[in-house]
Q: 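Pasting a structure here, questions to come.
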Amino acid sequence: MILRRLLILVYLLLFVSVAAGSATFFWQTRAEYLRLKEIEAQSRERLDVAQKRLAEQERTLERLRTDPAYVEMVIRRRLGYAREDEQIFRFEP
């Protein structure tokens, strides 16, 4: 009878310790899962921004290849070029 109670107690302690270990493992795994989901969301957001930027750069490149008026505008603005009969006045803000 005492042996039977002792055996039940041992099994109960073993069950409780396994349950506690499993619960600890579950919570750690869940925390890591949530952290990885957050990293994935941030990565997707960065990817969306990069894809939008790439699309804009591709549109600009296509305009530079096909639109002479746009090329002239870019050269005048960015490089400060002027035609032979023009003068450029620059004012500091």
Side-chain angles (χ1 to χ4, degrees):
M1 181 83 136
I2 294 176
L3 183 60
R4 186 173 180 188
R5 285 186 181 178
L6 184 61
L7 192 57
I8 291 173
L9 181 63
V10 168
Y11 281 135
L12 183 63
L13 288 175
L14 182 63
F15 176 75
V16 168
S17 64
V18 168
S22 297
T24 302
F25 177 74
F26 172 76
W27 287 110
Q28 289 174 348
T29 304
R30 180 167 168 74
E32 184 177 352
Y33 171 75
L34 293 174
R35 184 180 61 83
L36 290 174
K37 288 290 278 185
E38 180 66 29
I39 290 171
E40 179 188 21
Q42 291 172 355
S43 296
R44 285 186 187 275
E45 185 177 323
R46 286 195 333 248
L47 177 63
D48 288 342
V49 169
Q51 285 176 338
K52 288 176 184 174
R53 186 171 163 217
L54 176 62
E56 179 64 33
Q57 289 176 346
E58 286 176 347
R59 282 191 298 272
T60 301
L61 182 60
E62 187 60 31
R63 283 190 74 187
L64 286 170
R65 287 182 180 157
T66 59
D67 188 0
Y70 182 72
V71 172
E72 181 181 350
M73 181 196 68
V74 169
I75 290 173
R76 288 169 164 270
R77 253 191 215 156
R78 292 189 184 172
L79 301 178
Y81 280 21
R83 293 185 180 155
E84 290 180 16
D85 59 339
E86 292 180 334
Q87 292 182 354
I88 297 178
F89 296 97
R90 294 193 180 135
F91 301 97
E92 293 186 25

Q: For a 4.5 angstrom cut-off between non-hydrogen side-chain atoms, does Glu86 reach Arg76?
A: yes
Q: Using 0.5 Å steps for rounding, measure from the OG1 atom of Thr29 to the CG atom of Leu34.
A: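 Going from OG1 on Thr29 over to CG on Leu34, the span is 11.0 Å.
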Q: To the closest 0.5 Å, what do you measure between CD1 (Ile39) and CD (Glu32)?
A: 9.0 Å
Q: Can you measure from CG (Leu9) to CG (Leu14) and round to the nearest 0.5 angstrom?
A: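 So the CG of Leu9 and the CG of Leu14 are separated by 11.0 Å.
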Q: What is the distance from atom NZ of Lys37 to atom CD of Gln42, rounded to the nearest 0.5 Å?
A: 13.0 Å
Q: To the nearest 0.5 Å, what is the distance between CG on Leu47 and NZ on Lys52?
A: 10.5 Å
Q: Just how far is it from atom CG of Leu7 to atom CD1 of Ile2, taken to the nearest 0.5 Å?
A: 13.5 Å
Q: Around Glu45, counting heavy atoms of other residues, nucleotides and ligands shown, do more than 12 lie under 6.0 Å from its CD?
A: no
Q: Between Glu56 and Arg59, is the closest basic N to carboxylate O distance under 4.0 Å?
A: yes
Q: So Val71 and Asp67, do their side chains get closer than 4.5 Å, heavy atoms only?
A: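 No, their side chains stay 4.5 Å or more apart.
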Q: What do you reckon, is OH of Tyr81 surrounded by more than 12 foreign heavy atoms closer than 6.0 Å?
A: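 No, OH of Tyr81 has 12 or fewer neighbouring heavy atoms, counting only those of other groups under 6.0 Å.
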Q: Group every Ile, Leu, Val, Met, Phe, Trp and Tyr by side-chain heavy-atom contacts under 4.5 Å, then state whether Tyr70 and Leu79 land in the same group.
A: yes
